[in-house]
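Have a look at the structure that comes next, please.
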There are 2 protein chains.
Amino acid sequence: MKQISRFSHFGELSDKDYFRIALSVDCVIFGFEEGELKVLVIKCNIKEYKGMWSLLGDLVRPDEDINSASYRILKERTGLDDVYLEQVHTFGKVNRHPAGRVITTAYFSLVNIKDHQLKLSDNELHWHPVKEIGDMAFDHKNILDTCIERLREKVEDHPVVFNLLPKKFSLRELQSVYEAVLNCELDRRNFRKKFFMMDWLVDLNELEEDVPHRPGKLYKFNAAKFAKKAKKIS
Amino acid sequence: MKQISRFSHFGELSDKDYFRIALSVDCVIFGFEEGELKVLVIKCNIKEYKGMWSLLGDLVRPDEDINSASYRILKERTGLDDVYLEQVHTFGKVNRHPAGRVITTAYFSLVNIKDHQLKLSDNELHWHPVKEIGDMAFDHKNILDTCIERLREKVEDHPVVFNLLPKKFSLRELQSVYEAVLNCELDRRNFRKKFFMMDWLVDLNELEEDVPHRPGKLYKFNAAKFAKKAKKIS
DNA sequence: ATTTAATGTGTATTTTTAACACATTATTGT
DNA sequence: ACAATAATGTGTTAAAAATACACATTAAAT
C-alpha cells in the first residue's frame, strides 16, 4: 500500500488509522413467488443477532471492485451469473456492526426464482415475503426498506420487473408483479393498454397451461425496445 | 478493533487484508451565480493529476459516520453548517485512486453563494461553471456527472433548489435556477402557474431593488408546505 | 350442460401538460 | 419630460395522459 497521507488535510490521525474501517457489500435479492415479493435472507450466526434474518453480504476484497463484489455474492449464493443489480446506498453509522467499523454498500437485485430453480448455496437461505419480515439483524431492515423504496421508484419508469418473471409470462403475472412491488391494486384494462402502447411486449402466440381457468396469452419482454421512454405505470 | 473473521465466508484472506481499503467522502457542492450552476472545486496537488480540478473530499475517520464526514468537509471548506446534503453513489473501482485502494462515497450539496459570503477555507477553491468543466482529477468528472444527473431527478419533484437561492428571491431568479439545473428553457407563464398551485411560495410584498428594469416581487420558500406533493417542473 | 373464474376489449371523463400574446411598470438615456 | 428599453404580470385554448368503468368470451371443473 502506497502512502496516502496527502489525503489527510487535518493531521491528527496517522495514515494507518484510516485503515481500520472495513467495507462490505449487502445484496437485497428480490424474487417473486406465489404472488408475493420476496427477499432472500439467511439466518444470522453472529451472537448479537443470533437467529435473526440478515441480508447476503460479504467484505469487499482489497483487489475487487465493489460492483464485482456484489456480483460475486450473487453468484456464490444463488448460482446466477446474469442478474439485474443496482447500487442503492451506503450505510456508514459508526456502530452499525457489533464486530467493528464496517461500512456497507447496499445493492438490490432482481432474480427469477422459478426459471432456473436457483442453486442456493446454503439451506439456511430462505425466500421471505417482504411484507411480513419484521426485525432483522444489524441495520438490515433499514437497508431493505431503502431498497424497496428505490425499487418502487425504479419500476415506475424502467422496465426492470421482467427480471423477476420467467421468460414467458402472461399479462396477469406481469400485473401481479407490479402490484406486489408497488403494494397497490392496478386497473387491468389501463395496465394492459399502457404496456401495449410502450411496445415492450412480444406476443408469443402461446397460451398458459395448467391454469384452472381460461388461459391467458404468453408474452416475452421486447429487449429491443428497452430504451423507449416509459409512461408511469401506476 | 474486535475480531471480524466471521465475515469472511471464504477463508483465503485473513482479517487484516480487509483493512487495506480506505474510505473517503467526496462532496459535489453546487452553487448558483450569474445565472449559472457552479460547483466548488480545488486545484489538485497530487502529482498524477497536478493542477486539475478536483472535488472536495477527505478520508472518513474511524470514529465518524460517513454522513458526519460529509458535513465536516462542508463546514471546513465553506464555513456552512446547515446545508442540504444528499448521498448519491459510492465509487469503488480498484484503481480509481493512484495512492492506494480508496473507495469513495459521493454526496451533493446545495448552498447559497450570495447570502453568507461563504468563508472559503482556501484560495485554491473556485466556483466553476458546471457546463464548462472539462477533465477533472481522478474519476471526479464521472462523480460530478452522476451527481448532476441525480440533482436533475431530485429537482423534478422536490423543492430543493431553494437552497441555492437567497432567502428572498424573485420568480425570475427561481425560474433561472431551474433552467440552469435542468439545462433547458421553461415557459414563464406555466412555470409561475405551477409554483402558485404548489403553494410553496410566500409573497413578501417586497420588490427587487437595483435591477435595471421593472422590479419583480420577492418571495420566500414556504417551509410549512414542504411536504406537499410536487408536480413535475419541466 | 351448467357453473366458475379468469381473459380480452373500448369509450367517456378528468386531469395534466404545453403552447402562446399583450398590456404594465420601473429604469435608462436623450 | 419623454421615448426607448427590458423586464414583470396575467388566461385561455389545445393536446396528451391518466382514470374510471362493464360486458362478452373462453377454457376448465363439476
Side-chain angles (χ1 to χ4, degrees), chain A residues 34-35 152-153 155-159 165-166 168-180 182-220 228-234, chain B residues 34-35 152-153 155-159 165-166 168-180 182-220 228-234:
Chain A
E34 293 158 351
R152 285 189 180 137
E153 289 164 9
V155 141
E156 283 285 355
D157 40 22
H158 295 267
L165 288 170
K168 302 176 177 189
F169 50 85
S170 67
L171 276 172
R172 173 66 206 147
E173 288 173 294
L174 184 60
Q175 178 173 344
S176 159
V177 187
Y178 274 98
E179 290 177 335
L182 297 172
N183 194 29
C184 68
E185 292 197 345
L186 299 174
D187 180 276
R188 199 157 51 93
R189 276 178 290 183
N190 294 336
F191 181 85
R192 298 163 81 90
K193 201 192 312 173
K194 246 172 212 170
F195 272 85
F196 291 135
M197 287 215 307
M198 286 190 294
D199 217 12
W200 282 348
L201 299 178
V202 178
D203 185 339
L204 293 171
N205 292 308
E206 291 178 61
L207 294 178
E208 285 180 298
E209 281 170 27
D210 305 317
V211 285
H213 54 75
R214 173 179 176 182
K217 283 180 156 189
L218 290 176
Y219 297 84
K220 69 172 182 180
K228 192 150 181 169
K229 199 178 166 72
K231 319 212 172 261
K232 265 190 93 184
I233 301 303
S234 65
Chain B
E34 295 157 350
R152 287 192 178 134
E153 289 165 10
V155 141
E156 284 285 356
D157 42 22
H158 296 268
L165 289 170
K168 302 175 178 188
F169 51 84
S170 67
L171 275 173
R172 172 67 204 147
E173 289 175 294
L174 184 60
Q175 181 174 341
S176 158
V177 187
Y178 274 98
E179 290 178 335
L182 297 172
N183 194 29
C184 69
E185 292 198 346
L186 299 174
D187 179 277
R188 198 156 51 92
R189 278 178 289 185
N190 292 337
F191 181 85
R192 298 162 81 89
K193 202 190 313 170
K194 246 171 212 171
F195 272 86
F196 291 134
M197 287 216 309
M198 285 190 291
D199 218 12
W200 281 349
L201 300 178
V202 179
D203 186 341
L204 294 171
N205 292 310
E206 291 179 63
L207 295 177
E208 285 181 296
E209 281 169 28
D210 304 317
V211 286
H213 54 75
R214 172 178 177 181
K217 284 179 156 191
L218 291 177
Y219 297 85
K220 68 172 183 181
K228 192 149 181 172
K229 198 179 168 72
K231 317 213 173 259
K232 266 190 95 184
I233 300 304
S234 65

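Reckoned from all heavy atoms, side chains included, excluding hydrogens, waters and symmetry mates. In what follows, chains carry the letters A, B, and so on, assigned in the order in which the sequence lines appear, proteins first and then strands, with residues in each chain numbered from 1.
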Notebook entry, point to check: Quick one: are A:D203 and A:F196 in side-chain contact, heavy atoms under 4.5 Å?
Noted result: no

Collect all protein-nucleotide pairs involving nucleotides 10-14 of chain C in which both atoms are nitrogen or oxygen and the distance is under 3.5 Å.
{"unit_1": "C:dT11", "atom_1": "O4", "unit_2": "A:K193", "atom_2": "NZ", "d": "3.0"}

Margin query: Need one value for A:R188: base, sugar-phosphate or nothing, where a base atom within 4.0 Å counts as base even if backbone is also close, heavy atoms only.
Written below: base

Checklist line | Distance (rounded to the nearest 0.5 Å) between A:F195 CZ and A:L174 CG | finding: 4.5 Å

Note to self: So which atom in A:N190 and which in A:D187 form the shortest heavy-atom distance, rounded to 0.1 Å?
What the structure shows: N-OD1, 2.9 Å

Margin query: Across nucleotides 25-30 of chain C, 5' to 3', mark each nucleotide with B, S or - according to how protein heavy atoms within less than 4.0 Å reach it.
Written below: BBS---

Notebook entry, point to check: For A:E153, what residues pass the salt bridge (Lys or Arg N to Asp or Glu O under 4.0 Å) criterion, not counting sequence neighbours?
Noted result: none

Next item on the list: Whole angstrom is fine here: how far is it from CD in B:E185 over to P in C:dC20?
Entry: 13 Å

Margin query: Measuring only between side-chain heavy atoms, which start at C-beta, is A:K217 closer than 4.5 Å to A:L204?
Written below: no

Next item on the list: Indicate, with a heavy-atom threshold strictly under 4.0 Å, whether A:R192 touches base, sugar-phosphate, or nothing.
Entry: base

Note to self: Testing the basics here: between B:E208 and B:S170, what is the closest heavy-atom pair and its distance to 0.1 Å?
What the structure shows: OE2-OG, 3.5 Å

Checklist line | Bounds of contact between DNA chain D and chain B, in 5' to 3' order, using a heavy-atom cut-off under 4.0 Å | finding: D:dA7 to D:dT12

Notebook entry, point to check: In Å, rounded to the nearest 0.5 Å, how long is the span from CD of A:E179 to CD1 of A:I233?
Noted result: 12.0 Å

Next item on the list: Only counting residues at least two apart or in another chain, list the ones meeting salt bridge (Lys or Arg N to Asp or Glu O under 4.0 Å) with A:K220.
Entry: none

Next item on the list: Under the salt bridge (Lys or Arg N to Asp or Glu O under 4.0 Å) rule, collect the residues that match up with A:R192, sequence neighbours excluded.
Entry: none

Checklist line | Separation of atom CZ in B:F191 from atom P in C:dT16, rounded to whole Å | finding: 18 Å

Margin query: If you define the side chain from C-beta out and look only at heavy atoms, does anything of B:N183 sit under 4.5 Å from B:R152?
Written below: yes

